[in-house]
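Notes for the one structure printed next.
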Amino acid sequence: MDSSKEVSVEIFPYIRVYKDGTFDRLTGFEIAPPGLDPETRVESKDVLILPDTGISARIYRPFSASTAKKLPLVIYFHGGAFIIASIADPKYHASLNAFVAESDVIVISVDYRRVPEYPLPAAYDDSWAALQWIASGEARRESWLRDHADFDRLFLIGDSGGANMSHHLAMRLRGDVLGERFKLSGIGMIQPYFWGETPIGAEVADPGRKVLVDSWWRFVCASDKGCDDPLINPFADGAPGVNGLACEKVLVIVSEKDILRDRGRLYYNKLAESGGAVAAEIMEIEGEDHVFHIFDPSCEKAKRLFKRMASFVNSDGDDHNKDSAE
């Protein structure tokens, strides 16, 4: 970081942009290599899936995986406010190792291009292109996916901005021919990154954090609708809401101290009240903040979160409409 350059804008805690157009990411730039994790006995490897844009994915499998039994396939999208983090982020790598070990699934953690180098909707476009790759014959020829993945048990899971993208991907699938090529079993939305111009719930009493989160979205999305752009507020005027999700069930996970929690609750309530065919489930975790499980995947509440997601992916999910972790 160059302290001699004049700062144009700083989006705390993610990025500092200078007046000459250069920038420094303040976090989320660390790298962890793939391989066998000795603690969880989960293996991973990186695969280039979209050569035209240079997008890679990190594939995870349990070391005990056998060709005799196909496992649910989870497509994972990391968070980071569309500004930071990657599939190689050590914190994400550790949390996905823990999730795979608990869930006995195959995970494809998809990278995507980030702001400011690539303004939105580049991240959404990359994630959609990744779904197209997964539906292609090329994905089914990839050895780990061919040998171990059950493409008929397909889930989208993401945290924060990744959960946001999972919602939009499932909405887009309903009206696209791609949605006819594979069945999406469910979406896991961990502390989803939704927002809005008008504060709700805890946002009303915390104007400082409201302004902070406003600044995150306004930096990544140059929309004249601000925080009521349909990408960040699925319930704004003109947004489609949750009607038309192309999946069988949705699990929303929120945390008590997370300023985004009321947006996640609103999403769950809207889905539960819609009367549609999608089963809605929610888990509320007391005493924790946003993506706490990424920062400490070994803590007890993170382990409960992973167990809940494992149950969601591996069962019909008819006995978990509401759940909590104290």
Side-chain angles (χ1 to χ4, degrees), residues 1-3 5 7-18 21-34 44 46 50 53-58 75-99 107-127 130 157-168 189-195 209 211-223 227 229 231-232 255 257-260 263 288-297 302:
M1 300 182 185
D2 188 346
S3 59
K5 295 196 294 185
V7 175
S8 173
V9 63
E10 182 166 323
I11 306 300
F12 181 82
Y14 301 117
I15 195 168
R16 181 179 299 124
V17 181
Y18 302 100
T22 60
F23 59 87
D24 289 318
R25 286 190 170 89
L26 306 179
T27 188
F29 45 75
E30 302 89 351
I31 299 294
S44 58
D46 292 345
L50 303 173
T53 51
I55 299 301
S56 295
R58 181 163 292 187
I75 307 165
Y76 192 91
F77 300 100
H78 67 79
F82 301 99
I83 302 170
I84 64 165
S86 72
I87 59 171
D89 186 301
K91 297 182 180 66
Y92 276 100
H93 185 62
S95 67
L96 286 176
N97 279 330
F99 169 58
V107 166
I108 307 175
S109 178
V110 176
D111 227 344
Y112 51 84
R113 291 171 294 173
R114 300 167 300 176
V115 177
E117 300 98 314
Y118 301 98
L120 294 183
Y124 295 90
D125 294 340
D126 291 344
S127 300
I157 295 181
D159 66 274
S160 195
N164 171 303
M165 289 197 295
S166 295
H167 159 79
H168 287 287
M189 309 180 73
I190 307 169
Q191 292 121 20
Y193 180 25
F194 296 123
W195 203 238
R209 282 209 290 176
V211 169
L212 180 64
V213 180
D214 285 351
S215 73
W216 298 347
W217 182 252
R218 294 178 188 280
F219 177 75
V220 301
C221 182
S223 168
C227 295
D229 187 278
L231 287 177
I232 193 66
S255 293
K257 294 183 178 180
D258 185 2
I259 192 63
L260 303 182
R263 301 290 172 171
E288 298 292 349
D289 210 329
H290 193 62
V291 297
F292 74 96
H293 67 293
I294 302 296
F295 293 103
D296 187 4

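Quick note: numbers below take in every heavy atom, side chains included, and nothing from hydrogens, waters or symmetry partners.
Summarising the local packing, OH of Y124 is surrounded by more than 12 heavy atoms from other residues, nucleotides or ligands at distances under 6.0 Å.
Between Q191 and V291, the closest side-chain pair of non-hydrogen atoms falls below 4.5 Å. For the pair F77/N164, no side-chain contact is recorded, criterion being any heavy-atom separation below 4.5 Å from C-beta on. With contacts defined as side-chain heavy-atom distances shorter than 4.5 Å, the pair F99/I157 qualifies. When side chains are defined from C-beta on, W195 counts as touching I259, because their heavy atoms get closer than 4.5 Å. Looking at F295 and D289, their side chains never come closer than 4.5 Å, going by heavy atoms from C-beta outward. Within the 4.5 Å cutoff, the side chain of I15 has no heavy atoms near those of the I84 side chain.
What you find for S109 and I87 is that their closest heavy atoms are O-CG2, 3.2 Å. For A94 against P297, the heavy-atom pair with the smallest separation is CB-CG, 4.1 Å. Minimum interatomic distance between R25 and P116 (heavy atoms only, all atoms of both residues): NH2-CD, 3.8 Å. In plain terms, the two heavy atoms of S166 and G158 that are nearest each other are OG-N, 4.0 Å. Between I232 and Y193 the shortest heavy-atom distance is CD1-O, 3.4 Å. Minimum interatomic distance between P119 and E117 (heavy atoms only, all atoms of both residues): CD-O, 3.8 Å.
Relative ring orientation between Y112 and F82 is described as tilted, the plane-to-plane angle lying within the 30° to 60° band.
Side chain of D126 to backbone of D111: no donor-acceptor contact under 3.5 angstrom is found. Under the 3.5 Å distance criterion, the side-chain polar atoms of E288 are left unmatched by any main-chain donor or acceptor of S255.
Separating the CD1 atom in I294 from the OG atom in S95 is a distance of 3.5 Å, to the nearest 0.5 Å. To the nearest 0.5 Å, atom CZ of residue F12 and atom OG1 of residue T27 are 10.0 Å apart. For the atom pair H293 NE2 and I190 CD1, the distance stands at 4.0 Å (nearest 0.5 Å). Distance CZ/R58 to NE2/H93: 5.5 Å, rounded to 0.5 Å.
Legend: residues meeting salt bridge (charged side-chain N to carboxylate O under 4.0 Å, His left out) with E10, ordered by chain and number and at least two apart, are R16.
Listed by first then second residue, pairs satisfying side chain to side chain donor-acceptor pair (under 3.5 Å) with a partner in residues 81-92 read Y92-D159, not counting sequence neighbours.
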Practice task
Report the C-alpha separation of D258 and F292 in whole Å, then their side-chain angles, then the decisive distance to 0.1 Å, and conclude whether the side-chain contact (heavy atoms from CB on, under 4.5 Å) test is met.
Solution key: CA-CA 9 Å; D258 185 2; F292 74 96; over 6 Å; no
Problem - Intermediate values then yes/no, side-chain contact (heavy atoms from CB on, under 4.5 Å), F194 and L260 - result: CA-CA 7 Å; F194 296 123; L260 303 182; over 6 Å; no
Exercise for the section: Start with the C-alpha distance between V115 and L120, add both sets of side-chain angles, then the distance that settles side-chain contact (heavy atoms from CB on, under 4.5 Å), and finish with yes or no. Expected result: CA-CA 7 Å; V115 177; L120 294 183; 4.2 Å; yes
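For the residue pair H290/S160, the side-chain donor-acceptor check at 3.5 Å is satisfied.
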